[in-house]
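Heads up: the structure comes next, in structure tokens.
Keep in mind the model is a prediction, meaning the values are calculated, not measured. Here is how names work: the chains are called A, B, and so on, in the same order as the sequence lines, proteins then strands, and each is numbered from 1.
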Amino acid sequence: MHRERGQRVRALMREQGLDVLVLLGNTNVAYATGAIWPLADSGRANFEQPVAVVVVDDEWPHLFSPVREDDRLHTELPSDHLHGPVYLDFDEGVELFASQLAGMVPASPVIAVDEWTNALRRERSLLFAPDAPVDGGRVISRAKATKTDDELSCMREGLRITERAAAEVQARLAPGVRQSDLTATFLRTIFDAGADANILDPIWQVMPPRIADGPWTTTGDLACPLLTTERKVAEGDVLWVDTGISYGGFHSDFGRTWIVGREPDARQRAQFERWREIMGAVLEVTRAGVTAAELTAAAISAAGGVKPWMPHFYLGHGLGIDSAEMPYVGSDIGEAFDATLVLAEGMVLVLEPIVWEDGAAGYRSEEVLHITEEGWMPMTDYPYDPF
Amino acid sequence: VVTITEVRPDGKTLRLARRARVLGEMEAAGIDVLVVGREGNARYVSGAPRLWTAGSRAFGPGCVLVRATGSVHLLSTWDEGIPDEIPHENLYGISFNAMNFVKALQRIEGAARARTVATDALTPSSAQLLPKAFPSAELIDGEPLLRRVRRVKTPEEVDAIRASVRVAERSLEEAEAALAPGVTERQLTGVFMEAMASHGVTTPATQDFAWITSRQHPWRRASRDVPVEPGDLVAFEAGVILGGYAGELGRTHSVDGDVAIDGALSQSWDELWDRLLAACRLGAPLTELLGAYEAVGVPPPPMPVARGLGLGFDLPLVTHALPRTAADQHVEVGMVLALTAYVWKEGVGAVYGQEPLVVTATGPEPLSSNPFRDARSSVT
């Protein structure tokens with residue numbers, strides 16, 4: 001898996017005329033090096049930051065890491081490519097890094113970075129010209145867009161762990177249970193089942209019947225996802241569930257609508273049926289070679305001419321080393337972009353249309369699939385209960 | 001312990017005191033507009049809780065503070081949890097289109113005229129785009145300003161960190177009870193996280209909770225699925241984020257609770273801890289914390305000797321890898337730090353203890369109710 005990735009990354013570097021890639025973003029580092037570590041809070045991730053250096057003619061990436069899980073890293077990387085931590089938010093740290101880097105890279109290299117700390121900005125001796133450096137993140141964005149069979153199998157396992165935990169939570173769901181209790185069950189189960197980390201503070205949002213009953217929004221549409229608290233859920237609450245974990249360097253995604261302590265009524269069932277029709281219409285056209293615009297058109301047509309998704313999000317998004325990544329389908333990047341975005345075999349897509357009936361809330365679920373030449377394959381089989 | 005059943009902004013005293021500090025520093029440094037991407041910085045300036053996700057985030061214009069008006073502009077599609085003083089028109093929504101962020105920034109009063117705009121980081125693409133929103137401005141480094149204001153805590157901040165430490169401690173106690181032969185690091189992490197959420201906090205500071213220390217190597221570790229064996233020294237790092245603030249502490253236990261930690265190792269830890277505490281005197285350069293290890297003949301630990309606790313990343317950061325940085329920082333009243341003593345012995349393993357402390361006029365004070373030294377002597 002990692003050898004193939006390395007080849008992809010270095011081929012793209014050649015194409016873009018890059019000699020060296022310096023990566024700071026946690027998920028970019030994980031992709032480029034195969035290193036897996038339990039991701040921390042974003043504040044802490046700032047200074048406990050593994051850094052990857054990919055040199056175009058070197059089969060192995062370098063990893064500068066505070067992560068002490070040495071045994072596993074040694075199986076992936078030769079020991080002369082494993083280095084101690086660097087601190088690129090400090091001038092002293094950048095100076096030390098630059099001196100180490102000088103011994104690894106060719107003379108007058110073209111270096112790209114994904115993130116640019118202020119301390120890196122000041123380093124002019126080796127790393128960068130006075131202008132903004134070349135964007136190294138694009139290399140990873142392109143390399144990661146399609147998944148290999150090994151990667152798909154790893155992602156399936158991450159999804160399976162997530163759904164096992166979701167099933168535990170769903171079994172516990174009852175009037176009077178706190179949202180934070182649902183999270184407690186979720187977190188315990190994912191680690192017992194082998195997760196590396198939780199990725200998103202799990203969402204168990206109680207949906208208001210009308211948009212106007214919820215928070216004000218910049219779009220005039222729904223507010224979602226809203227934060228979890230110790231609020232107790234009540235009988236009949238409609239919960240929009242959204243969560244994801246990290247396993248083997250990949251993120252998972254899970255989205256369902258649950259009803260607390262009751263079976264759905266006729267109106268709610270009808271919402272679900274409409275959601276299935278929309279999802280069915282989108283899946284009907286989904287395959288390698290079609291554009292994102294064809295998917296949005298199918299969704300809009302099945303929804304009777306309106307966009308069946310939240311305007312601050314999308315009809316669908318890619319999933320992989322990040323919880324949401326390209327391809328974004330129906331986002332505010334715009335319709336012109338959707339018309340040029342072509343689905344390719346090996347992409348993993350999360351489709352998340354919604355049905356909203358103001359006055360009677362609505363239905364939202366997510367479907368995770370991977371794109372094939374002929375169409376698509378589901379990556380999960382979690383039921384839609386209680387619908 | 002307060003039960004939180006709705007999303008609220010940080011308390012008014014807390015958030016206004018923080019913002020006033022930032023505005024004062026902007027004034028002193030001649031910064032017209034501050035644009036921050038790091039969540040801790042955005043929370044410091046705005047007082048608004050936002051969605052928690054794990055891992056680092058690339059820079060984006062998450063929050064903007066304008067000196068002339070004192071107004072905060074915030075990336076948020078909704079107003080839940082947004083302080084009253086941030087009106088709806090100052091909110092801009094989630095976007096996947098960088099040009100839409102540029103448009104949102106262009107609409108900010110004062111953007112066009114700003115001469116000096118400071119950021120906490122950049123990406124190559126944001127370095128190209130920000131000049132479109134601030135056409136008259138020079139982009140400068142805003143981190144020195146943010147670090148200056150953030151490293152010394154207001155009394156309300158110390159209270160917030162103490163509350164967070166309390167949740168970490170209570171959750172840690174439940175995980176400690178689960179330590180027994182056969183359990184794995186990953187399972188112990190699950191027990192800790194479950195306990196944390198049961199105490200109403202759903203966001204961890206770290207998810208690397210338990211660590212079977214090696215008997216053969218000063219810091220290496222094996223897979224997270226190796227079962228704990230009798231006699232193992234298992235290190236715990238408990239960290240939670242409550243109200244945005246990190247509460248963290250570290251402990252080590254010998255498996256089979258009645259077996260004392262190796263006497264010589266224990267003594268060495270105590271000696272190191274005394275030196276570290278003595279180095280926390282007001283005005284002392286933080287190199288003295290590094291020197292404490294040398295003084296007792298203990299090799300540098302595999303993690304920083306001290307880290308600031310606050311809204312995530314904070315100063316001081318004290319590590320043997322950055323001696324000059326340590327020399328430039330001094331112990332100040334109001335600093336909150338997680339101080340680490342770490343000793344290792346071949347054939348035995350490591351004893352790791354991390355204590356959250358606040359520096360007061362009379363010296364360092366523990367923020368945990370049961371500091372490691374006391375906790376350990378009661379067990380052994």
Option that, when pairs with chain A are counted at under 4.5 Å, heavy atom only, ranks first among B:Leu311, B:Ile140, B:Ile82, B:Val201: B:Ile140

Residue part contacting chain B, namely of A:Asp89, when any heavy atom lies under 4.5 Å: both

Could you check whether any side-chain heavy atom of A:Thr218 comes within less than 4.5 Å of a side-chain heavy atom of B:Tyr92, counting everything from C-beta outward? no

Identify which part of A:Leu24 has an atom lying under 4.5 Å from any heavy atom of chain B, answering side chain, backbone, both or neither. backbone

Rounded to the nearest 0.5 angstrom, the OG1-CH2 distance for A:Thr228 and B:Trp52 is 12.0 Å

Geometric cation-pi criterion B:Arg147 and A:Phe90, 6.0 Å radius, 45° cone: yes

Which region of A:Ala324, side chain (C-beta onward) or backbone (N, CA, C, O), has a non-hydrogen atom less than 4.5 Å from a non-hydrogen atom of chain B, or is it both or neither? neither

Are more than 12 heavy atoms from other residues, nucleotides or ligands located less than 6.0 Å from atom CD of B:Glu89? yes

Where A:Pro215 and B:Asp79 come nearest, the two heavy atoms and their spacing: CB-OD1, 3.4 Å

Which bit of B:Asp120 comes within less than 4.5 Å of chain A, counting heavy atoms only: side chain, backbone, both or neither? backbone

Nearest-0.5 Å distance that lies between atom OG1 in B:Thr123 and atom CD in A:Glu115: 8.0 Å

Please check if the side chain of B:Arg38 supplies one atom and the backbone of A:Asn46 the other of a donor-acceptor pair under 3.5 Å. no

Given heavy-atom pairs under 4.5 angstrom as the criterion, report whether the side chain, backbone, both or neither of A:Asn198 touches chain B. both

Measuring from A:Asp41:CG to B:Phe313:CZ, what's the distance to the nearest 0.5 Å? 12.5 Å

Does some side-chain heavy atom of A:Leu227 sit less than 4.5 Å from a side-chain heavy atom of B:Leu51? yes

Side-chain H-bond candidate by donor/acceptor type, B:Thr202 with A:Asp201, under 3.5 Å: yes

Tell me, side chain or backbone of A:Asp135 under 4.5 Å from chain B's heavy atoms, or both, or neither? both

Interface moiety of A:Leu182 toward chain B, non-hydrogen atoms closer than 4.5 Å: neither

Among B:Ala127, B:Gly312, B:Ala321, B:Ala205, which residue has the highest count of heavy-atom pairs closer than 4.5 Å to chain A? B:Ala205

Region of A:Tyr314 that comes under 4.5 Å of a non-hydrogen atom in chain B: side chain

Is A:Asn26 reaching over with its side chain to a backbone N or O of B:Ser56, donor-acceptor style, under 3.5 angstrom? yes

Residues B:Glu174 and A:Arg188 bridged, charged N to O under 4.0 Å: no

So which atom in A:Tyr87 and which in B:Pro304 form the shortest heavy-atom distance, rounded to 0.1 Å? OH-CG, 4.1 Å

Polar side-chain atom of A:Glu92 near backbone of B:Arg324 as donor-acceptor pair, under 3.5 Å: yes

Quick one: pull up CZ in B:Phe192 and CZ in A:Phe191 and give me the separation to the nearest 0.5 Å. 10.5 Å

Hey, is A:Asp192 close enough to B:Arg186 for a salt bridge, meaning N to O under 4.0 Å? no

Under a 4.5 Å heavy-atom cut-off, does chain A meet the side chain of B:Leu322, its backbone, both or neither? both

Are side-chain N/O atoms of B:Asn97 and A:Asp332 paired as donor and acceptor at under 3.5 Å? no

Pick from B:Thr184, B:Asp225, B:Thr203, B:Thr189 with the largest number of heavy-atom pairs that fall under 4.5 Å of chain A: B:Thr189

Let me know if A:Gln179 has heavy atoms under 4.5 Å from chain B in its side chain, its backbone, both or neither. neither

I'd like to know if the side chain of B:Gln207 and the backbone of A:Leu39 have a donor-acceptor N/O pair within less than 3.5 Å. yes

Under 4.5 Å from a heavy atom of chain B, the part of A:Arg44 involved: both

With a 4.5 Å limit on heavy-atom distance, are the side chains of A:Arg121 and B:Leu139 in contact? yes

Does any donor atom in the side chain of A:Ser42 or B:Glu39 lie under 3.5 Å from an acceptor atom in the other side chain? no

Under 4.5 Å, counting heavy-atom pairs only, tell me which of B:Asn41, B:Thr206, B:Ile4, B:Thr119 racks up the most with chain A. B:Ile4

Do the rings of A:Trp216 and B:His88 sit parallel, tilted or perpendicular, given the 30° and 60° boundaries? parallel

Hey, which of B:Gly40, B:Ala195, B:Gly200 has the most heavy atom pairs under 4.5 Å with chain A? B:Gly200

Salt bridge present between A:Arg122 and B:Asp141 (N-O < 4.0 angstrom): yes

Check whether B:Glu6 gets within reach of chain A through its side chain, its backbone, both or neither, counting any heavy atom under 4.5 Å. backbone

In terms of heavy-atom proximity below 4.5 Å to chain B, should A:Gln49 be classed as side chain, backbone, both, or neither? side chain

Chain B contact via A:Pro85 - which portion, at a heavy-atom distance below 4.5 Å: neither

